[in-house]
Amino acid sequence: ALTYGTDKILHAAIEYYGFIALVGGLYLASGGILVGLEGRAGPASNTILLCVGAVLANLVGTTGASVLLIRPFMKSNDGRLRPLHVVFFIIIVSNCGGVLTPIGDPPLYLGYLKGVPFFWVPMAMWSSWLIVVLPLLAIFFVYDMGVLRRDRATSAALAAALEPAAVLPSITLGGRPVSFVLMGLVVAAVFIDPALQRMWHVHLPVGPTVQIVLALVALRVARRDIMEANEFSWEAVKEVGLLFAGIFLTMMPALAYLSANGKALGLTSPSAFYWATGALSAVLDNAPTYLNFVQLAVTPAEVDRASIAELLSTPAGQRTLEAISAGAVFFGALTYIGNGPNFMVRSIAIRAGVEMPSFFGYAARAMLILGPVLVLHWAVRVW
């Protein structure tokens with residue numbers, strides 16, 4: 001028998017293990033795959049690329065899409081890249097775009113491991129994806145058009161290569177075929193634990209372990225020239241691993257208090273769950289925050305397949321889980337620590353010479369861009 005504190009630490013460690021296996025596994029596996037963009041980017045092509053990334057995030061995770069596309073995105077905008085370009089990339093590709101599948105974002109993946117049906121997520125969240133991602137793409141296009149006008153004023157040669165109606169630059173893929181296969185297997189491994197729990201009631205982190213092994217194999221067989229072209233470094237994943245290990249542990253008292261006193265805080269409506277989940281997802285981390293608010297929604301039962309099924313058996317329960325899912329994924333874009341890929345993209349951009357905003361500088365910019373869209377989503381979908 002474990003003490004309360006030991007038991008909570010063990011649960012946090014298991015959740016962290018699943019989180020870092022997915023985020024780190026996709027980062028390592030993608031190191032052997034090179035996405036190249038031929039030609040210079042402009043507002044239209046950049047917007048299309050971000051839209052592609054927002055769709056791809058649901059197939060290979062926000063981490064996979066971010067790592068595959070951030071370097072080509074920066075290189076194709078060489079000479080005109082602003083830090084705010086990367087901020088938009090983090091908001092759209094590293095966060096909001098991944099709300100359509102449990103593979104897309106770490107909190108939804110943890111929910112899937114706890115029993116949220118895989119296909120409930122796209123059926124429930126597709127309208128939220130449209131309400132949030134499409135306005136963000138429109139805001140980005142307007143911003144990038146402003147950058148283009150300033151470029152025209154300073155460099156006629158650069159402006160001539162950046163027509164706003166330019167099509168998406170041609171895409172090339174590099175890497176051994178086995179690297180693509182292993183990347184797909186890392187993604188497919190998310191189905192292992194739910195299958196084991198459903199068929200044999202096995203509750204061990206088998207899937208995350210498989211993901212780590214596959215990622216290390218992918219790293220071993222990757223072409224060295226592709227790794228160099230990707231400027232692959234262990235530093236980004238090490239920073240994320242160490243930072244979020246601290247976050248998962250130090251947020252335990254706050255989440256324990258919330259679990260014990262959540263009902264007294266008036267969390268009885270989808271709107272309350274949306275804003276409360278979002279607020280903590282931004283300043284702590286959206287993955288464990290998501291699970292904690294799901295626990296509040298199913299209290300006094302434990303979060304498992306049966307309690308999730310009971311929650312989803314009523315329209316009110318479905319709206320509550322949809323609000324928690326949206327709050328965790330979308331608000332995770334508001335800070336560097338709200339979601340694992342955010343800090344990873346920041347590290348990659350800094351190593352590429354981009355002067356990224358400080359923690360609070362990023363949060364202020366993200367709030368100005370995303371804040372009105374979050375209110376719009378609440379008014380249209382949650383309220």
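Note: hydrogens, waters and symmetry copies are ignored here, and every other heavy atom, side chains too, is used.
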* Give the C-alpha distance, both sets of side-chain angles, the deciding distance and a yes or no for side chain to side chain contact (heavy atoms under 4.5 Å, CB included) between H85 and M74. => CA-CA 9 Å; H85 281 96; M74 292 190 297; over 6 Å; no

* Is L242 isolated, or which residues cluster with it under the ILVMFWY side-chain rule of less than 4.5 Å, directly or via members? -> none

* Asked: Tell me, do L108 and Y290 make a side-chain contact under 4.5 Å, heavy atoms counted?
  -> yes

* To do: Please list, chain by chain and in numerical order, all residues satisfying side chain to side chain contact (heavy atoms under 4.5 Å, CB included) with I247, sequence neighbours excluded.
  => L243, F244, M251, D285, I337

* Asked: With a 4.5 Å limit on heavy-atom distance, are the side chains of M356 and V86 in contact?
  -> yes

* **Smallest separation among heavy atoms of L69 and G53, with atom names** => CD1-CA, 3.5 Å

* **Beyond-backbone contact of L22 with T63, side-chain heavy atoms, under 4.5 angstrom** => no

* Any cation-pi pair here, R365 with Y362, using under 6.0 Å and within 45°? -> no

* Any P341 side-chain heavy atom under 4.5 Å of N95 side chain -> no

* With V121, the side chain to side chain contact (heavy atoms under 4.5 Å, CB included) member among I103, L100, V116, N58 -> V116

* To do: Would you name the heavy atoms of M183 and A29 that are closest together and state the gap between them?
  => SD-CB, 3.8 Å

* To do: May I ask you to test the W126-V99 pair for a side-chain heavy-atom distance under 4.5 Å?
  => no

* Walk me through it: do W120 and S325 pass the test side chain to side chain contact (heavy atoms under 4.5 Å, CB included)? => CA-CA 11 Å; W120 178 86; S325 301; 4.2 Å; yes

* **K114 backbone acceptor or donor facing D304 side chain under 3.5 Å** => no

* For V178, what residues pass the side chain to side chain contact (heavy atoms under 4.5 Å, CB included) criterion, not counting sequence neighbours? -> R176, L182, V221

* Whether over 12 other heavy atoms sit under 6.0 Å from R224 CZ -> yes

* To do: Name all residues meeting the salt bridge (charged side-chain N to carboxylate O under 4.0 Å, His left out) criterion together with E235; count only those two or more places apart in sequence or in a different chain, and write none if there are none.
  => K238

* Check whether any side-chain heavy atom of L311 sits under 4.5 Å from a side-chain heavy atom of Q318, and report yes or no. => no

* Check: T62/D105 side-chain N/O donor and acceptor closer than 3.5 Å -> yes

* Centres of the F331 and Y274 rings: under 6.0 Å? -> yes

* To do: Step through the shown structure and confirm whether more than 12 heavy atoms of other residues, nucleotides or ligands are within 6.0 Å of CE on M227.
  => yes

* Asked: Looking at Y336 and S358, what are the two nearest heavy atoms and their distance?
  -> CE1-O, 3.6 Å

* Structure fact -> Heavy-atom nearest pair, P83 first then E355, reads CG-O, 3.3 Å

* To do: Check A301 against S307 and note the closest heavy-atom contact, atom names and distance.
  => CB-CB, 4.0 Å

* Asked: Would a 4.5 Å heavy-atom cut-off, applied to side chains only, mark L49 and V93 as touching?
  -> no

* To do: Go through the structure and list residues passing side chain to side chain contact (heavy atoms under 4.5 Å, CB included) with T47, not counting sequence neighbours.
  => L137, F140, F141

Side-chain donor-acceptor contacts of residues 195-209 below 3.5 Å, not counting sequence neighbours, with atom names and distances?
{"residue": "T209", "atom": "OG1", "partner": "Y17", "partner atom": "OH", "Å": "2.8"}
{"residue": "T209", "atom": "OG1", "partner": "P205", "partner atom": "O", "Å": "2.9"}

* **Beyond-backbone contact of I308 with V294, side-chain heavy atoms, under 4.5 angstrom** => yes

* Modelled atom types, side-chain donor and acceptor of T289 and S281, under 3.5 Å -> no

* Asked: Ion pair present between R149 and D144, side-chain N to carboxylate O less than 4.0 angstrom?
  -> no

